[in-house]
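As the structure is a computational prediction, the values presented were derived from the model and not from experiment.
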Amino acid sequence: MPFLFAEPYMAPFFGDARCPEHVRVPVADVTSWSMFPQHNHVYNKAWLCRTQGIAHAPLPIKPPAYPVFVKPITNLLGMSIGSFRAEREADLAEYRPGLFWMELLTGPHISTDVAVVKGRARWFAHTRGHPIDNGRFSHWERLNGDNAALDRMLGDWIARHLDGYIGICNFETIGGRIIECHLRMSVEFIPLYGKGWLDAVVALYGQGEWAFAEDGFPRFMVPSFTENRRHAVDSAAVRAIEAMPGIAAVFPTINDGLPELGNPPNGFRRAVVIAQSLAEGMEAAARIPDAIRPA
């Protein structure tokens, strides 16, 4: 199918958007890896560090100082799987093959979707995460201020390393330095981009052109986490939460009780709430456990 998403829970994020059968829009990294063989080296996180002068090395090579951040060199499932912070040498006494350490970065954690046409950035959307712990965030906020420095850094990096690429590219940065690069969009943030964005995406992949005029958007995405893997969704209760003031949408992400991959190491996302304000989003997210309960 044209929108090549990996898990059933992703389908509602695309709503009634239409995509011709001959146009393939990747949503999962496993698909992007195959679609873009000349650019899929971006999934090598050690290579990402090397392009930016970030200190790093594969384990068992020891870091010269601590703390450092440890994660898989390549992870096509996302959500910080296999990653952790190492405070001392003893934290690296046992590890799985395929991990590496990198310099511990500080500063704002921002996810950026970029529309790229032949290796040139044409549009940016920055969404800042507010972390709880390793891999979990209390909420994400779509930024609409001055992000010129981040635009410039990412645009220059794209021009150097993604020559010829056409499509959406997602970056995660900490303190203005790239920690992740994905050759696809960030599904959960689609509702934060406003009307017409998916139509522009289809034209980008189908015709190699980008034309999109923003006209307002919700600002906040608030997740609800659970420790349980299997849940049942009360659709009527979800609709009642969506009817709350300031709530644009609620998207269950637990697959109605089916096991899912790609969750953070410290819990499962059972739903995300799209809201106009943080207070409204938090209030709605607090009601999610009553609507999506352990099965």
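- The CE atom of Met185 lies 5.0 Å from the CZ atom of Phe14; values are rounded to the nearest 0.5 Å.
- Of the inter-residue distances, the one linking Trp33 atom CH2 with Arg184 atom CZ reads 14.5 Å to the nearest 0.5 angstrom.
- Atoms CZ and CZ, from Arg18 and Phe3 in turn, are 9.5 Å apart once rounded to the nearest 0.5 Å.
- Side-chain atoms of Asp113 never come within 3.5 Å of backbone atoms of Ile168 as a donor-acceptor pair (strictly under, hydrogens ignored).
- The closest donor-acceptor contact from the side chain of Thr253 to the backbone of Arg269 lies under 3.5 Å.
- To the nearest 0.5 angstrom, Phe69 atom CZ is 7.5 Å from Ile179 atom CD1.
- Identified under the salt bridge (charged side-chain N to carboxylate O under 4.0 Å, His left out) test for residues 100-111, with sequence neighbours left out: Glu103-Arg177.
- Sorted by first and then second residue, the salt bridge (charged side-chain N to carboxylate O under 4.0 Å, His left out) pairs with a member in residues 163-173 form an empty list; sequence neighbours excluded.
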Only distances under 3.5 Å count here; give the side-chain donor-acceptor pairs of residues 49-59 to other protein atoms, sequence neighbours excluded, each with its distance to 0.1 Å.
| unit_1 | atom_1 | unit_2 | atom_2 | d |
| --- | --- | --- | --- | --- |
| Thr51 | OG1 | Leu48 | O | 2.7 |
| Thr51 | OG1 | Trp157 | NE1 | 3.0 |
| Gln52 | OE1 | Ile178 | N | 2.7 |
| Gln52 | NE2 | Leu48 | O | 3.1 |
| Gln52 | NE2 | Ile178 | O | 2.8 |
| His56 | ND1 | Ile54 | O | 2.9 |
| His56 | NE2 | Ala46 | O | 3.3 |

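- Under the 3.5 Å distance criterion, the side-chain polar atoms of Asn147 are left unmatched by any main-chain donor or acceptor of Leu150.
- Ring pair His39/His41 is tilted by interplanar angle, where 30° to 60° counts as tilted.
- Ring-plane geometry between Tyr205 and Phe36 is classed as tilted, the angle between the planes lying from 30 to 60 degrees on a 0 to 90 degree scale.
- The environment of Gln276 atom CD is dense: over 12 non-hydrogen atoms of other residues, nucleotides or ligands sit within 6.0 angstrom.
- Aromatic ring centres of Trp123 and Tyr193 lie closer together than 6.0 Å.
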